Enquirer: 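After the structure tokens below, expect a handful of questions from me.
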Number of protein chains: 2
Amino acid sequence: MSKIKILVVDDHQLFREGIISLLSKNEDLEIVGECDSVNGFYDLLKETEPHVVLMDISMPEVNGLEIIKEARSKFENTKFIILTMHAEGQYVVKAVKNGAFGYLIKNSDEDELITAIKQVSAGKKYFNSEISQLMIGNMALDEESHKKLSDREMEVLDLVSQGRTTKEIADQLFVSARTVETHRVNMMKKLNVQNTAELIKKAAHLGLI
Amino acid sequence: MSKIKILVVDDHQLFREGIISLLSKNEDLEIVGECDSVNGFYDLLKETEPHVVLMDISMPEVNGLEIIKEARSKFENTKFIILTMHAEGQYVVKAVKNGAFGYLIKNSDEDELITAIKQVSAGKKYFNSEISQLMIGNMALDEESHKKLSDREMEVLDLVSQGRTTKEIADQLFVSARTVETHRVNMMKKLNVQNTAELIKKAAHLGLI
DNA sequence: TTCCTTATCCGTGTTAATACCGATATAGAC
DNA sequence: GTCTATATCGGTATTAACACGGATAAGGAA
């Protein structure tokens with residue numbers, strides 16, 4: 001059996017180098033590339049055709065979960081494993097929905113990482129019981145929980161979170177204050193909160209701002 | 001010259017293992033221990049007497065910066081290097097104040113890490129220009145920047161962030177609505193923000209809620 | 001003791017946010 | 001064609017937030 005080709009995507013160089021150093025010791029694995037963000041990622045994918053991509057979630061400008069959603073349909077022979085410090089159910093749920101084959105916390109050990117890589121490259125999914133539980137805990141909430149905010153709403157949300165008043169935001173966006181109010185009210189409905197304070201808190205916790 | 005003895009403290013096992021794998025390739029360095037939090041850290045320190053400790057900042061329950069403050073007076077032959085993903089001036093400032101000899105972002109490369117370790121073990125400080133700039137940018141702000149919130153203020157903050165109105169909070173805490181207002185206003189001053197929306201955002205980002 | 005800081009508390013106005021009610025136009029899905 | 005989601009806009013009334021103005025008690029520092 002030929003080596004499993006791996007591509008590492010993480011914005012922290014030391015983490016990349018560490019992982020590469022770790023995995024290089026294993027004869028069944030081969031690191032074919034690394035990448036610190038979405039820049040050059042698709043070229044690398046096309047060029048190296050890895051079996052497995054280890055992908056961080058939070059990177060500057062981009063979200064690893066979104067990249068997977070985008071990439072997996074175009075590269076059907078490549079499997080994606082999320083490798084992140086975020087142990088939050090919502091991320092696991094989204095990873096599964098977006099087609100990730102595995103989800104590992106950076107607080108895992110070498111053996112588990114290698115096990116995950118081998119299983120995933122063989123076409124099996126790898127979500128250990130801790131991760132599965134996180135996901136289950138969030139599936140119920142997922143139904144009632146927040147719908148997506150529109151682009152315009154995100155724009156307003158961002159300005160609100162910067163402490164701008166409705167009128168300031170209205171002037172900046174060239175709309176009436178009433179429209180800004182409506183956006184804020186609609187966001188509160190979507191996120192199922194009572195007022196702006198709670199809206200900001202929830203948005204912050206969801207990583208929206 | 002004997003090897004530089006290194007202790008790695010980070011809550012993410014994969015990161016620890018990666019770093020250890022990286023550094024083990026260098027003949028001048030020797031990993032004498034690793035640790036995922038403050039548990040067992042002092043025993044390890046006493047036992048291994050490392051020349052250099054690589055320390056993460058954000059770990060469960062504890063803050064690496066506080067650990068340094070505590071440990072460096074008791075172990076004068078050990079130097080501490082902060083190794084974190086947080087590229088924020090306030091952390092750098094606190095690291096310096098607490099006696100760290102170096103500050104590296106996880107988004108550094110292997111060469112820089114080894115350079116830093118060697119310099120620090122030789123008694124020199126290592127803060128590259130990027131980190132120094134971050135620190136300088138925050139030295140001025142540091143004075144006025146957020147002071148600690150009192151217990152009562154935290155209590156109010158928490159309720160505000162849950163979407164409670166001033167009156168509800170007042171009733172719950174058995175004080176007048178005006179007092180709750182004052183607490184909120186004082187928090188806004190302390191965190192240097194304009195209104196409640198921004199207060200909640202900043203508090204969320206500071207991990208207060 | 002005096003000084004200073006901090007946490008706690010309160011009153012009066014003004015301004016902003018929010019709750020109700022409503023509407024039109026557009027685009028995409030079914 | 002119908003349904004749904006989105007973005008835009010409006011009135012009126014109530015409530016909350018915010019900007020001023022204060023005070024008192026406790027603790028440490030000079």
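Computation of the quantities below employed the complete heavy-atom set of this structure, encompassing side-chain atoms and omitting hydrogens, waters and symmetry-equivalent molecules. Please read these numbers as outputs of a predicted model, since none were measured by experiment.
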Enquirer: Can you see if the side chain of A:His183 gets near the phosphate of D:dT8 - specifically, an N or O under 4.0 Å from OP1 or OP2?
Expert: yes
Enquirer: Rounded to the nearest Å, what distance is computed from the CG atom of residue A:Asp171 to the P atom of nucleotide C:dA16?
Expert: 11 Å
Enquirer: C:dT18, OP1 or OP2 - any side-chain N/O from A:Thr196 closer than 4.0 Å?
Expert: yes
Enquirer: Would A:Lys124 and A:Phe101 count as a cation-pi pair here, with the cationic atom under 6.0 angstrom from the ring centre and within 45° of the axis?
Expert: no
Enquirer: Rounded off to whole Å, could you give me the CG-to-P distance for the A:Leu199 and C:dA19 pair?
Expert: 12 Å
Enquirer: Answer yes or no: does a side-chain N or O of A:Thr165 lie under 4.0 Å from OP1 or OP2 of C:dA16?
Expert: no
Enquirer: Output the rounded distance in Å from CG (A:Leu173) to C1' (D:dT6).
Expert: 15 Å
Enquirer: Considering only NZ, NE, NH1 and NH2 on the basic side and carboxylate oxygens on the acidic side, decide whether A:Lys5 and A:Glu30 come within less than 4.0 Å.
Expert: no
Enquirer: Rounded to whole Å, how long is the line connecting atom CG of A:Asn186 with atom C1' of C:dA23?
Expert: 14 Å
Enquirer: Select one nucleotide: of D:dC9, D:dA7, C:dT8, the one nearest the side-chain heavy atoms of B:Arg152.
Expert: C:dT8
Enquirer: Distance check: side-chain N/O of B:Thr179 vs OP1/OP2 of C:dC10, anything under 4.0 Å?
Expert: yes
Enquirer: State whether A:Asp28 and A:Lys118 are salt-bridged, where the test is any N-O pair (Lys NZ or Arg NE/NH1/NH2 against Asp/Glu carboxylate O) under 4.0 Å.
Expert: yes
Enquirer: Which one, D:dA7, D:dA17, D:dC18, comes nearest to the side chain of B:Thr166?
Expert: D:dA17
Enquirer: Take atom CZ of B:Arg178 and atom P of D:dT24, then tell me their distance rounded to the nearest Å.
Expert: 17 Å
Enquirer: For the pair made of CD in A:Glu181 and P in D:dC9, what is the distance, rounded to whole Å?
Expert: 13 Å
Enquirer: Counting just side-chain N and O atoms, does B:Arg184 come under 4.0 Å of either OP1 or OP2 of D:dA17?
Expert: yes
Enquirer: Thinking salt bridges, do A:Lys106 and B:Asp10 make one under a 4.0 Å N-O criterion?
Expert: no
Enquirer: Please report, rounded to the nearest Å, how far the P atom of C:dC10 is from the CZ atom of B:Phe174.
Expert: 14 Å
Enquirer: Using atom CD of A:Gln194 as one end and atom P of C:dC20 as the other, report the distance to the nearest whole Å.
Expert: 10 Å
Enquirer: Could you work out which one of C:dC10, D:dA16, C:dT18 sits closest to the side chain of B:Ser176?
Expert: C:dC10
Enquirer: When all nucleic acid strands are considered with a 4.0 Å heavy-atom cut-off, which category describes A:Val185: base, sugar-phosphate, or nothing?
Expert: nothing
Enquirer: So, A:Arg184 and A:Glu181, do they make that salt bridge, N to O below 4.0 Å?
Expert: yes
